[in-house]
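Take a look at the structure below.
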Amino acid sequence: MADNVDDDSLYRIKEGDYVVLKRGDIFKAVQIQQKKKVAFEKQWFFLDNVVGQLYSTTFEIVSGGILQPRKPKDTESSTDAKGAGTDNRNIVDDGKSQKLTRDDIETLKEQGLKGQEIIQQLIENSSTFKNKTEYAQDKYIKKKKKKYENTVMILKPSCRILAMMYHGREPGKICHLRYDTLAQMLTLANIHAGSKVLVFETCAGLVLGSVMERMGGYGSVIQMYPGGGPVRAGVESFGFPSHFHDMLHEFPICHVNALLAGTLDTTAKDPSADSKQSNMAAKEEQNQPEAERQGSPEEQSMETNSGADGSHDPKKEEEEKRREAKAEERKVKQEEKRKKLAAAAALLESRNADGLVIASRFNPCPVLMGLLKFLSPSRPFVVYSQYKESLIECYTKLKEHGGTVNLKLTDTWLRHYQVLPNRTHPVLLMSGGGGYLLSGTTVAADHSKPSSSRQDGEPAEKRQKVTDTEG
Amino acid sequence: MADNVDDDSLYRIKEGDYVVLKRGDIFKAVQIQQKKKVAFEKQWFFLDNVVGQLYSTTFEIVSGGILQPRKPKDTESSTDAKGAGTDNRNIVDDGKSQKLTRDDIETLKEQGLKGQEIIQQLIENSSTFKNKTEYAQDKYIKKKKKKYENTVMILKPSCRILAMMYHGREPGKICHLRYDTLAQMLTLANIHAGSKVLVFETCAGLVLGSVMERMGGYGSVIQMYPGGGPVRAGVESFGFPSHFHDMLHEFPICHVNALLAGTLDTTAKDPSADSKQSNMAAKEEQNQPEAERQGSPEEQSMETNSGADGSHDPKKEEEEKRREAKAEERKVKQEEKRKKLAAAAALLESRNADGLVIASRFNPCPVLMGLLKFLSPSRPFVVYSQYKESLIECYTKLKEHGGTVNLKLTDTWLRHYQVLPNRTHPVLLMSGGGGYLLSGTTVAADHSKPSSSRQDGEPAEKRQKVTDTEG
Amino acid sequence: MSFVEYSDFIQDGDVATVYMGHESMIAVKVQQGAQTQTRYGVLRHSTDLIGQRYGSKVTCSKGRWVYVLHPTPELWTVTLPHRTQILYTTDIATITMMLELKPGSFVCESGTGSGSLAHAILRTIAPTGHLHTVEFHQQRAEKVAEEFKEHRVDHLVTVRNQDVCKDGFGVTGVADAVFLDIPSPWEAVRHAKAAMKKQGGRVCSFSPCIEQVQKTCEALSDQGFEELSTIEVLLRVHDVRTVYLSLPDFGPDSPAQAQPDAAVKTPPSHAPIALKTTTLPRDIPGHTGYLTFATKPRT
Amino acid sequence: MSFVEYSDFIQDGDVATVYMGHESMIAVKVQQGAQTQTRYGVLRHSTDLIGQRYGSKVTCSKGRWVYVLHPTPELWTVTLPHRTQILYTTDIATITMMLELKPGSFVCESGTGSGSLAHAILRTIAPTGHLHTVEFHQQRAEKVAEEFKEHRVDHLVTVRNQDVCKDGFGVTGVADAVFLDIPSPWEAVRHAKAAMKKQGGRVCSFSPCIEQVQKTCEALSDQGFEELSTIEVLLRVHDVRTVYLSLPDFGPDSPAQAQPDAAVKTPPSHAPIALKTTTLPRDIPGHTGYLTFATKPRT
């Protein structure tokens, strides 16, 4: 009890922290920076005041974008308890919808009413509200909240929160990977401290970060990345302590074949590879689906840009000098890169990784077949795809190829509930699809006696029941 | 009130009626025949006694397979109220499971305990029962019910009951078409009295019968059938009044092209077509999935064989005579067939059918494209398939081809609930898949001006949003 | 045109469905001389609609075209004016089958609401059945009666403006099936029973909340209903689309290819593969209501 | 071997998973000299298991072979001896993420049951976290403690045999997360709160029935928990298969072909097409339980 003060220091917001802003179901990851305007749900504010405050505090946005801690009692919203659907048959639709005028609302604001109270007023003065479907009511409230609510909670980031944030705000950036599906992946791949895990993802770093969180800084994670460089914005949002980054390695997949063939030279720098990589970086950019490249500036700002390459130089006279410095810098960087590559290659060469996680916009089958070679026998792997068809291909290929057992093609179905007295029911909207997973376990390649008729490397019995006659 | 007696006559079971036996969730369709042993849920009995009784009566099976109406109070089962899961943590697993011996059970039987009471005794004397998952408990009760329950309810058949029966007992025979999916089909195809509907199905006649039920004897139904003859066993199980059959027509799809080309000759008989048809009948048989040809004799007996062809003649001496008689009979039949064909052809020729329903084990795309030609513009059609992939093909083809709007590829998700005081939850097992539907509406072929760039015959706007960039 | 009988050509007084695109349709009352403003421009009824074949493509004033479709209860459900929450086709289809509706069925319903279900019932029970529908909101009862007339199904339906929980359905011993979509269905169960034929029939109650279901099941059991069964049916609409998946470049396959001269500036030639697939919308209906069915035994 | 650390080779004392086929696995305690009867024949531990690499194919006495896999919490869940109803991987994965478990987390759980969830928790919180698990059934508590020892995770867990509703978790102010799977979770909510760190944390309650959920939500609200969220996660396992679809024969296409001589005895040459697809099993899990999550705020 005496060390409460010490305890709390871990729970205080510091400058430079990666935090998550929350209002209702809406999340946004930002870094705490002094004097930096932050946009959230159509409002602007500064985070200067939150430094030193405790995590999970709710702040009120007051004039000038200043954040003030809200009084404890004033907890979040009770607009949920609205009683839709069940007793709305008595309302006469008199054609007049909202009885409050804009002036009325301004008056309420001047009287110091909180956003939530104003919304309550709006609901009570709306004759059509009760006539709306519950779904429409939710929509109405959300819209009004966006307009009038002015609180924000500041949270410590976690896999749970970031997975929900990405799914809610920018599903395209994470290949529409739903949080419950990500949860399955982490468990099916037996991610835990002390193991050596391969990750191939184009989910903004969310999957990588989630794997790292589950490993708690123990063991090693090798990010197998396509194109010019590893994408890590999502990893930064986790705000891991710096030692977590010691376990993180990266390896460009364009060297996979060379590594497997034993022809990868990591002792000297390879300029061709570098130029090739930047080529691909450009290409990478182009391959980004349009929807992802669009998006409002606000949404884009959610992600901190990783990598510091490609800077502009406006001043012509200093060009020469800077070019030299840059060349030097590049050399140092390349040396660093080489070392990193060598370290990652060393980890991979032994082909004894403990797990493989794939979640990308690439066709998963060749990715899987290529990376599976790095696993020890008796280790789990899991592949995510938004499309069942591409996992059918993986499944078929693995059955042909052998070397895996326990293959399962699954998806999960997620339902949220409203639990309120006399108004309990599933939430009226649900997520359409959470994506599909193919999971399995590697086994030792069969060098003993090639099994005569069967190639799938799995004992018969059960399988024979599900032949293709039915239907 | 005075005509109650008259009313009831419609509700009394008559000899020759097609009825449905029911016990719990188990249904079986049979015809009432004197002195005919009926097998149901591992028990044998005679239906002689039920003639003259009211529909929906529950009967007790007493010795010798005699059915006796059960006393009214003695309603079905309360073994549902068993209280699983929630309070089973206190049970010590002492290794002894069922405390009742076989002798005990026989004694109970001799004491005249009803099946249901015996089951209750078994449950109460089972120490492991409460430790089982609720799912295992259900399984246990079902197994015991099968063994000890001895009542059967006799129902008037209906689309609802037969659809549930087939789905529960022989899903392979109806292409795994779930009852709720069938319900969607009937509604999406706007099946109603007075219209002209085309049906192509290999669902034992269930879909055809359901369409006929919804048309109530008004209008016309043309069964488009593949192979040697229309399959109608399921239709018979509906027990329709005879005038319903006047609206039912049949047309072999092997004449579709000839009909469309205007070369189908329905005035004279065509021997080649007949031999071809019986050829195909044989082939048809072979094509039946193995699982469907197997099945217990009991299950097979559920379906009355349609068609009377292919009889054996054991007595050699009468061969000649019978052959002549048979030839004559065949002539008469062929003439009937010709007339039927002509009638169906006449209905089809005008190409103004009001609806099209397809549910078969055939690849749906060519079936759909072939039969859609017979519809008027602005008429609904619906195609069922167990496999989404084959409906994607239909969808793509229709978009290319034009002539339809309002295309929707859907499936439904069906959940049953246990609603009991303090034990309300979804049923622990649910049906995996109910199959997929593609529905749409025909429109007039566009003869005016060929639209330049677009072929899909659907206004733009919304469609352009869902292009293929995302993901 | 009627909602229970197809016609081939559009006539004055019909209610036609103007199809502008998926999920974008309107119902239009066809009147000689009238015109309708759509977002594709003006439709002139006399020239653009009357006398045209249902299913025809019609060009609006802005040069964009639409299809004019024959009304069906299902098209009506997506175009009707909402005066209340309505039932949609997925639930309606299930209700229709599970209540065993067919031509000749006598049905009681409450509340009528916006008439979405009622139209589907009428389609199914025509030409010899009858629907008794009870709506306690007067304005709504009048409005829906008017629509039944316009849709030429008024001979099949009786609309009553009363409180079903207090006054019942206004008929006794006639119904093969009863449908309840009211806030307190348990209060109407005894009226449902009274409305039904003594030989028995089917009943259905639609409720969004599980507490309503619990109370209704209790009332149904108390009133001697049998075969209680509560279900939920959800629709999923799959979007058919082609997606493109990139192929990974694992680098040159053999050591020979790995020679610098071979690798330099050769961009990876792995073109994305096309995949025909379906996706679900981001949000889909997660719940409409629970459907509780039961059988009234002979009484 | 341990449940929190991989090894490459099977050693005496390990618990190995013998994989005989999909859904057909057993857990085997490896002991020098022992043998295990499988349906594929006898496995002799000394020769067939000890010293073999995990993932190896091993031939049993009947000549059929099996794979010997390294244990994981997920394999344990499908092979463990059921002493109670257990939680399965789909729910466990969701619980693990939603409770924000990770290395170093301090967790309280009740009841321990058959230990299915506990193993998954231990895997995730190792090497620096701790699990306090409470089971009021003495026999079960002892058995599971024994298993933890065999699985070499006993240093990460404290098993208590007491009634959580009466006596709580036996610790105060230490837990980052609490999990409840008991018949009356609402009675343990205050104990959950007491067990948790003053800075806050996450709680989860698993209940099969909605009434339990309603009472638990009420208790959580009353005790000041926030962010209440009740969800349900269902797994669907898709069977990959090839199906064959017949093609319809609409007869000869052109009048020329329709000549008798062309049609006679020409069997339809429409070979079925093959389709790679998936199907769902006829019956799938329809419900396991509701998962209610909440956040304990700073107190």
Side-chain angles (χ1 to χ4, degrees), chain B residues 84-93 131-135 171 176 200 226 252-264 270 272-273 275-276 279-280 283 287 360-364 366-367 370 385-390 415-416 421-433, chain D residues 82-86 111 113 135-140 182-184 207-212 232 234 236-239 243-255 257-258 260-261 263-268 270 272-273 275-290:
Chain B
T86 55
D87 52 359
N88 61 4
R89 314 276 155 153
N90 247 332
I91 312 301
V92 177
D93 189 353
N131 240 358
K132 285 175 200 277
T133 63
E134 197 169 348
Y135 163 60
H176 294 258
F200 179 87
I253 59 161
C254 63
H255 290 325
V256 159
N257 280 341
L259 181 72
L260 288 169
T263 56
L264 181 68
D270 172 4
S272 79
S275 72
K276 196 174 159 197
N279 256 351
M280 283 192 293
K283 205 171 149 30
N287 280 343
S360 79
R361 63 186 157 70
F362 284 79
N363 194 34
V367 177
S385 174
Q386 204 187 335
Y387 312 109
K388 194 177 62 179
E389 290 82 355
S390 51
R415 205 171 201 195
H416 287 264
N422 283 319
R423 294 194 302 290
T424 300
H425 60 69
V427 168
L428 301 183
L429 281 183
M430 68 186 283
S431 157
Chain D
H82 282 223
R83 297 180 290 267
T84 56
Q85 300 170 39
I86 67 164
E135 167 62 48
F136 77 27
H137 190 292
Q138 194 194 336
Q139 201 182 334
R140 275 184 222 145
I182 53 173
S184 312
S207 294
C209 301
I210 195 70
E211 293 86 354
Q212 294 170 298
E232 216 191 338
L234 286 180
R236 304 198 306 168
V237 181
H238 303 263
D239 295 327
V243 296
Y244 298 92
L245 299 174
S246 318
L247 293 175
D249 173 20
F250 286 134
D253 224 0
S254 68
Q257 284 180 265
D261 52 6
V264 169
K265 294 285 163 196
T266 315
H270 299 228
I273 62 153
L275 185 69
K276 197 98 194 175
T277 184
T278 64
T279 53
L280 288 165
R282 190 165 156 185
D283 290 322
I284 62 171
H287 182 65
T288 56
Y290 300 99

Val367(B) versus chain D, the contacting section by heavy-atom distance below 4.5 Å: both
Note, Leu245(D) side chain near Tyr387(B) side chain (heavy atom, < 4.5 Å): yes
Region of Thr279(D) that comes under 4.5 Å of a non-hydrogen atom in chain B: side chain
Partner residues of Thr424(B) under the side-chain hydrogen bond (donor to acceptor under 3.5 Å, both in side chains) criterion, sequence neighbours left out: Gln214(C), Glu211(D)
Which atoms of Ile273(D) approach chain B - backbone, side chain, both or neither, heavy atom under 4.5 Å: side chain
Nearest atoms (heavy-atom pairs only) where Ser390(B) meets Asn363(B): CB-OD1, 4.0 Å
Partners meeting salt bridge (Lys or Arg N to Asp or Glu O under 4.0 Å) with Glu232(D) (sequence neighbours left out): Arg415(B)
